[in-house]
Q: 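Sending over a structure as structure tokens; questions will come in a sec.
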Amino acid sequence: MAWFGIGSGKATLYETLVRGYAPELYRFAYWLCRDRAISEDLVQETCLRAWKSWQNLEDQKQAKQWLFTILRREHARLYERKTPERVWIEDDAQWEKVAGQVDMPLLEVREALTKLPESYREPLLLQVLGGFSCREIAVIVDATEEAVMARVSRARRMMREVLDVPVQTREVMK
């Protein structure tokens with residue numbers, strides 16, 4: 001059965017990819033806007049835009065990167081319209097992933113992340129939460145790979161300084 005002019009094989013592949021990446025997309029969306037409802041809307045809009053331009057995806061191995069790029073652009077569109085209210089939730093699982101890289105309380109890690117400039121925080125979160133390489137992040141944020149490497153490195157250094165991480169723990173954060 002064809003849906004919206006795309007054969008069922010492509011529709012099934014699309015659905016499989018989106019379902020597979022939806023939790024990661026939501027996690028990243030939540031990091032960007034700190035609001036569950038807005039995050040869900042961003043993921044839904046990302047999936048809708050991806051579906052509309054699914055035929056433009058040339059390499060399905062790039063689907064994750066492509067979806068994150070769409071999500072990031074959807075988030076930017078929010079700011080063209082209005083600035084969402086930021087909400088902080090203390091017990092989110094994504095904080096545990098970031099805090100798990102160092103032996104620090106979640107609240108301290110969160111506060112340190114908020115002190116990072118957005119241009120450093122976003123690539124760091126894409127690397128830690130999304131599992132993207134610097135090359136993939138460069139495509140997502142429309143920057144050079146060298147710029148992303150520098151931003152991630154600076155973000156990690158700033159995090160170490162803000163958290164006052166002991167020297168032996170710093171090796172874990174590299």
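We number each residue from 1, following the sequence as shown.
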Q: Can you name the side chain to side chain donor-acceptor pair (under 3.5 Å) partners of Glu45, sequence neighbours left out?
A: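 If we apply the side chain to side chain donor-acceptor pair (under 3.5 Å) test to Glu45, skipping adjacent residues, there are no hits.
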
Q: CD1/Ile70 to SG/Cys47 distance, rounded to the nearest 0.5 angstrom?
A: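 Rounded to the nearest 0.5 Å, the CD1-SG separation comes to 9.0 Å.
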
Q: Decide yes or no for Arg73 and Thr69: does some side-chain heavy atom of the first lie under 4.5 Å from some side-chain heavy atom of the second?
A: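 SC-SC contact between Arg73 and Thr69 confirmed.
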
Q: Taking only distance into account, with no hydrogens and no angle test, what donor-acceptor pairs under 3.5 Å do side-chain atoms of residues 16-23 form with protein atoms, sequence neighbours excluded?
A:
residue, atom, partner, partner atom, Å
Thr16, OG1, Thr12, O, 2.8
Arg19, NE, Glu15, OE2, 2.9
Arg19, NH2, Glu15, OE2, 2.8

Q: With a 3.5 Å cut-off and sequence neighbours excluded, list the donor-acceptor pairs that the side chains of residues 135-152 form with protein atoms.
A:
residue, atom, partner, partner atom, Å
Glu136, OE1, Ser133, N, 2.9
Glu136, OE1, Ser133, OG, 3.4
Thr144, OG1, Ala147, N, 3.1

Q: In chain order, what residues pass the side chain to side chain donor-acceptor pair (under 3.5 Å) check against Glu122, with sequence neighbours excluded?
A: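 Residues passing side chain to side chain donor-acceptor pair (under 3.5 Å) with Glu122: Arg72.
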
Q: Using side chain to side chain contact (heavy atoms under 4.5 Å, CB included) as the criterion, list what pairs up with Ala155, not counting sequence neighbours.
A: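 Ala155 satisfies side chain to side chain contact (heavy atoms under 4.5 Å, CB included) with Leu116, Tyr120, Leu124 only.
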
Q: Using a 4.5 Å cut-off on heavy atoms from C-beta on, say whether the side chain of Leu113 contacts that of Met159.
A: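 They are in contact (side-chain heavy atoms under 4.5 Å apart), so the answer is yes.
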
Q: Report yes if some heavy atom in the side chain of Arg156 is under 4.5 Å from a heavy atom in the side chain of Val128; otherwise report no.
A: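 The answer is yes, as the side chains (C-beta and beyond) meet within the 4.5 Å cut-off.
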
Q: Looking at Cys134 and Gln127, what are the two nearest heavy atoms and their distance?
A: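 For Cys134 versus Gln127, the nearest heavy atoms are SG-NE2, 3.9 Å.
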
Q: Is the closest side-chain heavy-atom distance between Lys52 and Arg49 below 4.5 Å?
A: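 The answer is no, as the side chains (C-beta and beyond) never meet within the 4.5 Å cut-off.
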
Q: Atom CG of Leu42 and atom CG of Leu32: how far apart are they, to the nearest 0.5 Å?
A: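 Going from the CG atom of Leu42 to the CG atom of Leu32 covers 7.5 Å.
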
Q: Any idea how Phe132 and Phe68 line up, ring-wise: parallel (<30°), tilted (30 to 60°), or perpendicular (>60°)?
A: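 Perpendicular, since the angle between the ring planes exceeds 60°.
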
Q: Working to the nearest 0.5 angstrom, can you tell me the gap between Phe28 CZ and Leu125 CG?
A: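 If we round to the nearest 0.5 Å, Phe28:CZ and Leu125:CG are 7.0 Å apart.
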
Q: Of all the heavy-atom pairs spanning Lys64 and Gly130, show the shortest one and how long it is.
A: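 Minimum heavy-atom contact is NZ-O, 2.7 Å.
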
Q: Roughly how far apart are Glu40 CD and Tyr30 OH, rounded to 0.5 Å?
A: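 The distance works out to 11.0 Å.
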
Q: Run the side chain to side chain donor-acceptor pair (under 3.5 Å) test against Arg154 and tell me which residues pass, sequence neighbours left out.
A: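 Side chain to side chain donor-acceptor pair (under 3.5 Å) check on Arg154 returns nothing, list empty.
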
